[in-house]
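Not measured: the values here are computed from a predicted model. All residue numbers in this chain count up from 1 along the given sequence. Only heavy atoms go into these numbers, but all of them, side chains included; no hydrogens, no water, no symmetry mates.
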Amino acid sequence: MNKVSFFQSIRLKIIVILSLFLLLAIQVIGTYFGQQLESSLLKSHKENVEDRLQVLATNLEESFSEERSDDGEGRTLQEDVQDITARYGGYSSRYSSEIFSELQVIDSQFRVLGSNKFDMVGKKISGNSDIRLALVHGQSDNGEIRRKEGTSDRVYVRTLPIMDGDVAVGVIYSEASVEEVYEQLQEINEIFLNGTILAIIVSIIIGVLVARTITKPITEMRKQAMGMARGDFSKKVNVYGQDEIGQLATTFNDMNDRLKLANQTTEEERRKLSSVLSNMSDGVIATDEKGNITLMNDPATHLIGVSLHEAKGQPIAEILQIEDKVVDVKELEEVGSLTVDFSDEEQLFLIKANFSIVQDEGGNFMGLITVISDVTEQEKVDRERKEFVSNVSHELRTPLTTMRSYLEALTDGGAWEDKELAPQFLQVTQNETERMIRLVNDLLQLSKMDHKESAMYKKRIDIIPVFHHILDRFEMNKTELIHFERKIPDERIFVWVDQDKITQVTDNIMSNAIKYSPEGGKITFQVVKEPHRLRISISDQGLGIAREKVDKIFERFYRVDKARSRELGGTGLGLAISKEIIETHHGQIWASSKEGKGTTIYFTLPLTKRKRGSKK
């Protein structure tokens, strides 16, 4: 967050508001005071002028009403008027200056009898409507302030008639300057302006101090809020009082503590969720309300082969390749789960996706949580189980069908009376019965091994004599012209094994080698001592196995040549049983083969550790 400049801060706003309030108050007071002062000064000035004019008018009325001789002796009216004008129309004691800027006493003939300006005495005045109105009608005006022509000075103009009874015998015309009054007002306004400026400066200083007391805790809360936004809840805001701002700071600190606790709880839950998502064997994919991917854990990345960076923001239907199965992502809630085939030409790969929706408090669709898991092995097991049931059914049906045919021939066809056919039919029936018994016994043995019910009686034995005994037995019972080659070391080799089970493994492998060896072929039995283990290999010179089928010979009921295997009485379970036995002994079994050149079966057995002090 950027730092707030002074011109954008609340401090400047508080200072400006305080200054404007003070300025407004001063302006209102100043305006009212100026108007009242102007009115008072002008009223006082007018009253002074009126008082002087009344005194002057009284003396002039006496002078105008005085009788004078016609022989020219005594003072004339003009002389008396001039003396009165000079005496009463001169200086004012209140202002110590000449009160009238212009004073004229005019008779009924519009002739100036007296004036404060001697050059005007004796002249006639015409064109002045105020003088004419006062002489003709005996009316006086109320007086008004006018601008004097030429100088634009403001003067108070007053016209007052001189009455002799009801007849106006003369007029007093006066102009009193009021510039001095306005000059005084100007001086007072300047003093008031200086006081206003001083008050504004003082208010700004006080506003800065007041604003600082208000904005300082707010600034601290702002810094703390920025720290809280970054996840720092360690600091507290200082509380400077118990006013509203102090209570706000206290509340802010309480909120900080609660947010800290909530953040710790949220972070703990987030870590738990992250740990759960990271350690889940199943993949988890989360989407928004549009079905676009927002979150995906590592197992999901490994399963679908797309990283979160690549998948983020992409539709889940496109990533899971189910666009043809759903139109709207909301439909996945009704679908519940889907099995998606990611298989290629080389490998089977199936993923099961379970969908659940996320809703807000109002029940609106907010997103989708998809849990995906690898069900390839499960599918393989299901297929193997189905194939196993099918193979068992087929293996049992063939001898049963053969037995039924021969038995029907014996009973219905009368063959039981034939002394030559009846024994042959019974022999076939007996062979097929023994074949089914072998099959069932092998199945039972495999079942016990699968359920860990087959007991192993292991003991420490010298394995070399055991192998010689097995080979001797096969050489005595062989009917084909097959040669045995022994490559067995002439020494004592001890292993910890179940002798009967290892004999069974060797018998199974040797029986297969004999079955698939041509007449005159050779079977090589080799024992090689390696570090920590003993490797046994049995090789024949039969037809061999195709390269892509070598690893399948240890599967249950798998036969390279099914027709010949059944003809020779095989059940297809011998190598599967051998594999289970060898792995139980912590060994390994495998095969190598080339078509037309024979097959070699290998298996290993761990050597027993020689005890300290033992000579064996």
Just by modelled atom types, is the [Y] backbone N or O under 3.5 Å from a matching donor or acceptor in the [X] side chain?
{"X": "Ser593", "Y": "Gly598", "result": "yes"}
{"X": "Asn297", "Y": "Gly283", "result": "no"}
{"X": "Gln526", "Y": "Lys487", "result": "no"}
{"X": "Ser517", "Y": "Asp540", "result": "no"}
{"X": "Asp341", "Y": "Leu350", "result": "no"}
{"X": "Thr604", "Y": "Gln588", "result": "yes"}

Quick one: does [X]'s side chain get under 4.5 Å of [Y]'s, heavy atoms only?
{"X": "Ile369", "Y": "Asn354", "answer": "no"}
{"X": "Phe525", "Y": "Ile470", "answer": "no"}
{"X": "Leu543", "Y": "Thr599", "answer": "no"}
{"X": "Leu471", "Y": "Met510", "answer": "yes"}
{"X": "Thr287", "Y": "Asn292", "answer": "no"}
{"X": "Ile502", "Y": "His585", "answer": "yes"}
{"X": "Asn256", "Y": "Val237", "answer": "no"}
{"X": "Met228", "Y": "Met255", "answer": "yes"}

Non-neighbouring partners of Lys272 that pass salt bridge (charged side-chain N to carboxylate O under 4.0 Å, His left out), sequence neighbours left out
Glu268

In chain order, what residues pass the salt bridge (charged side-chain N to carboxylate O under 4.0 Å, His left out) check against Asp507, with sequence neighbours excluded?
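Partners of Asp507 under the salt bridge (charged side-chain N to carboxylate O under 4.0 Å, His left out) test: Arg473.
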
Does Tyr602 have any ring pair (Phe, Tyr, Trp, His ring centres under 6.0 Å) partners at least two apart in sequence or in another chain, and if so, which?
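If we apply the ring pair (Phe, Tyr, Trp, His ring centres under 6.0 Å) test to Tyr602, skipping adjacent residues, the hits are Trp590.
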
Ring pair (Phe, Tyr, Trp, His ring centres under 6.0 Å) partners for Trp496, two or more places apart
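For Trp496, no residue satisfies ring pair (Phe, Tyr, Trp, His ring centres under 6.0 Å) once neighbours in sequence are set aside.
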
Which heavy-atom pair separates [X] from [Y] by the least distance, and what is that distance?
{"X": "Val466", "Y": "Gln499", "answer": "CG2-NE2, 3.6 Å"}
{"X": "Leu607", "Y": "Phe494", "answer": "CD2-O, 3.9 Å"}
{"X": "Thr294", "Y": "Asp288", "answer": "CG2-N, 3.9 Å"}
{"X": "Lys529", "Y": "Leu534", "answer": "CA-CD1, 3.9 Å"}
{"X": "Ile601", "Y": "Ala591", "answer": "CD1-CB, 3.5 Å"}
{"X": "Ser539", "Y": "Thr600", "answer": "OG-OG1, 2.8 Å"}

Using the test side-chain contact (heavy atoms from CB on, under 4.5 Å), find all partners of Ser578 that sit at least two apart in sequence or belong to another chain.
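Val505, Asn508, Ile589.
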
Taking side-chain contact (heavy atoms from CB on, under 4.5 Å) as the definition, give me every residue that meets it alongside Glu583, ordered by chain and number, with sequence neighbours left out.
Lys579

Give, for atom [atom1] of [X] and atom [atom2] of [Y], the distance between the pair rounded to the nearest 0.5 Å.
{"X": "Thr503", "Y": "Phe467", "atom1": "OG1", "atom2": "CZ", "answer": "8.5 Å"}
{"X": "Ile304", "Y": "Ile293", "atom1": "CD1", "atom2": "CD1", "answer": "6.0 Å"}
{"X": "Ile523", "Y": "Ile482", "atom1": "CD1", "atom2": "CD1", "answer": "5.0 Å"}
{"X": "Ile493", "Y": "Ile461", "atom1": "CD1", "atom2": "CD1", "answer": "12.0 Å"}
{"X": "Ile285", "Y": "Leu320", "atom1": "CD1", "atom2": "CG", "answer": "5.0 Å"}
{"X": "Thr506", "Y": "Ile538", "atom1": "OG1", "atom2": "CD1", "answer": "5.5 Å"}

Please walk me through it: do Asp500 and Tyr457 pass side-chain contact (heavy atoms from CB on, under 4.5 Å)?
CA-CA 9 Å; Asp500 291 340; Tyr457 301 98; over 6 Å; no

Applying side-chain contact (heavy atoms from CB on, under 4.5 Å), run through Phe484 and Ile514 and close with a yes or a no.
CA-CA 10 Å; Phe484 289 94; Ile514 293 172; 4.0 Å; yes

Go through it in stages, so that I can follow the logic: the residues are Thr584 and Lys501, the test is side-chain contact (heavy atoms from CB on, under 4.5 Å), and I'd like the CA-CA distance, side-chain angles, deciding distance and then a yes or no.
CA-CA 10 Å; Thr584 304; Lys501 300 297 183 184; over 6 Å; no

Can you establish whether the number of heavy atoms outside Lys594 located under 6.0 Å from its atom NZ is more than 12?
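Counting other residues, nucleotides and ligands, NZ of Lys594 stays at 12 neighbours or fewer.
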
Stepwise, does the side-chain contact (heavy atoms from CB on, under 4.5 Å) test hold for Val239 with Asn253?
CA-CA 9 Å; Val239 180; Asn253 288 332; 4.1 Å; yes

